[in-house]
Every structure is written in structure tokens, then in C-alpha cells.
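Data block below; observations after.
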Amino acid sequence: MVDALHEVHRVLAPGGVLIDARPDSRVPAYVERRSALRFQKFGVVRTNSVELGNDRASDRAIARVVRERLFRRKRHGRFWHRVPFESLPDLRHYLREHLRFVHRATWVVDETARRRHANDQFVIRRAVRFELLESQREVQAPRSFAASPGRRG
Amino acid sequence: MASHMADRIGRVGKHVPAMSSVLRPDPLHELGEWGGEGLVRRKRVLDLGCGDGRFALGIARLASRVDGLDPDNQAIAAAKKSARNSGRDNVRFAVGAAQQLPYPDGAFDVVLLSWTL
């Protein structure tokens with residue numbers, strides 16, 4: 001991943017921007033039933049452990065190229081995105097084959113409610129995080145050197 | 001719109017769940033969340049891990065040029081077909097890996113790692 005980020009830095013013009021956007025596994029996703037007026041929480045969906053590890057590795061790669069002063073963090077944020085499904089069985093089918101999520105939701109409503117509303121419309125509401133990083137063309141001297149007494153005055 | 005979307009989701013969710021681009025936010029909505037169209041307007045953009053080109057094509061009318069790169073041959077073939085159908089002449093797609101980018105130094109103003117890293 002660090003190799004890829006070094007390549008990104010190479011192909012970016014000075015002051016160019018890297019946008020890193022991906023699902024935010026630091027917070028769970030939610031299963032919600034869609035009704036005319038609102039969304040009702042039915043369950044929680046977590047990211048599987050392999051993808052959690054991959055996400056942490058990505059975070060470390062970004063942190064490293066910032067430490068190397070190839071990039072400067074400009075802005076970051078998170079937004080929520082709803083993926084719609086025709087029914088609860090469709091949603092469960094999707095989860096069973098999903099590459100990032102665990103394959104079963106943790107339900108916060110009982111089985112009776114799930115059966116009663118099985119043919120209603122559902123969504124998975126998931127978080128997406130993003131960060132904008134500015135390419136730094138000039139690699140500055142390490143702070144300890146720049147601030148050494150011999151360089152003053 | 002909602003039923004059309006639900007239909008697409010139903011098919012994709014059942015049959016090709018790994019090909020998730022239609023399950024992602026709309027490109028312009030996503031761009032809006034990141035800071036708005038100014039981020040890519042009249043810029044040279046590289047969409048790294050572009051998949052089937054959904055995002056690259058979604059922003060092509062704003063950018064001066066968009067390149068999409070992905071290691072998946074089939075996804076790139078689909079992206080090229082979509083580009084032809086869109087009639088846009090400022091979008092190019094290629095098969096390749098992020099560790100060895102086939103572009104010269106300083107070729108882009110914006111590089112996007114969207115759901116890739």
C-alpha cells in the first residue's frame with residue numbers, strides 16, 4: 001500500500017490532491033426498515049475481521065506517507081449512505097455473500113417483528129469516510145535538524 | 001426512481017454481490033460530500049481502482065481529462081464499453097496496478113482512491 005501511495009505522489013502535480021474514500025469500518029452499519037415516514041432500526045452489521053485488519057493497514061500506510069511529508073492532511077469527514085433492498089430475505093442474501101460485512105446482522109428486534117415485516121423495504125445504512133491529502137513536492141528537513149541551535153541566527 | 005434502484009439492487013445483490021459499484025453513492029453526491037465539483041472541475045483526474053468506470057464517467061463532464069486504472073480486465077472492458085456509449089472523449093481506461101502506474105511524473109491534479117485502499 002505504501003508503494004502505491006509513493007506512486008500516487010509521483011504522478012501528482014505539486015499541490016495536487018489525493019482523495020482517499022472508503023467504507024468506515026470504525027462504526028457499524030445498520031439494517032433499517034423503510035416505512036412511509038421514517039427508518040426503523042432492525043439490526044447492526046459489523047465489518048469482518050479480515051477487512052478490519054485491511055482498513056487498519058490502509059490507515060497505517062496513509063499515516064506513514066504523511067510522516068514522510070509526501071502528503072499533508074487537508075480535510076476529512078464521514079457521510080452515511082443507504083443501500084436499498086426489496087425485502088429482508090434479499091438483504092440477508094446480500095449479506096451472506098458480502099466481502100466486507102459479517103454475514104449475519106445482530107438483530108435489535110425480535111423474530112416476530114422480523115417475520116411480520118419480512119416483505120417490507122429495507123436498507124443497509126453504512127458510513128463512508130474520506131480524507132483529502134495534498135501532495136508535498138518539497139521534502140522538508142527533519143524538524144530536529146531545522147531547529148538545531150547551529151542553524152539559528 | 002426508488003423502484004428502479006431497488007430492482008437494480010435486487011439483481012445485483014442476488015447474483016453479483018462483489019461487483020458493488022451500483023451499490024455505492026451517486027458519483028456527484030459523493031463528490032459533493034468530499035467538497036464539491038470544484039475538486040475536479042477542469043482538472044486532470046486519475047481514478048485508481050476505477051472498476052467498471054462508474055465514478056470516472058460520472059465526473060467526466062466536469063474534468064478536463066479522466067484516466068481510470070484497475071487490475072481487473074473484465075471491469076476495464078465494461079468501463080471502455082460504457083465510455084464508448086457515453087460518447088465522452090476525455091475518458092480513458094487501462095488495466096494496471098497501483099504499484100506501477102503507467103503515467104509520467106506530475107500527470108494529474110487529483111488522484112482518487114475510491115473504496116480502493
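Every chain is numbered from 1 and lettered A, B, ... according to where its sequence line falls, protein lines coming before strand lines. Only this structure's heavy atoms are used, side chains among them; waters, hydrogens and symmetry mates stay out.
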Discussion item. Please identify, among Leu95(A), Asp3(A), Val8(A), the residue contributing the most non-hydrogen atom pairs under 4.5 Å to chain B.
Written reply: Val8(A)
Fill in: Partner chain B: residue of Gly16(A), Gly77(A), Pro23(A) with the largest heavy-atom pair count (under 4.5 Å)
Pro23(A)
Discussion item. Please output the residues of residues 125-133 of chain A in contact with chain B, using a heavy-atom cutoff of under 4.5 Å, in numerical order.
Written reply: Arg126(A), Val128(A), Phe130(A), Leu132(A)
Worksheet item: For Ala107(B), what residues pass the side-chain contact (heavy atoms from CB on, under 4.5 Å) criterion, not counting sequence neighbours?
Response: Tyr103(B), Pro104(B)
Worksheet item: Is the gap between the ring centers of Phe79(A) and His29(B) under 6.0 Å?
Response: yes
Donor-acceptor pairs under 3.5 angstrom involving side-chain atoms of residues 32-39 of chain B: please list them, not counting sequence neighbours.
from: Glu37(B); atom 1: OE1; to: Arg41(B); atom 2: NH2; distance (Å): 2.7

Worksheet entry | Any donor-acceptor pair under 3.5 Å from Arg114(A) side chain to Trp107(A) backbone | no
Worksheet item: In terms of heavy-atom proximity below 4.5 Å to chain B, should Arg75(A) be classed as side chain, backbone, both, or neither?
Response: side chain
Worksheet item: Between His117(A) and Leu88(A), is a side-chain contact (heavy atoms from CB on, under 4.5 Å) present by the stated rule, with each step listed?
Response: CA-CA 8 Å; His117(A) 295 291; Leu88(A) 196 53; over 6 Å; no
Worksheet item: Judged by modelled atom types alone, do His6(A) and Glu68(A) share a side-chain donor-acceptor pair under 3.5 Å?
Response: yes
Fill in: Co-members of the apolar cluster containing Val123(A) [side chain, <4.5 Å]
Phe39(A)
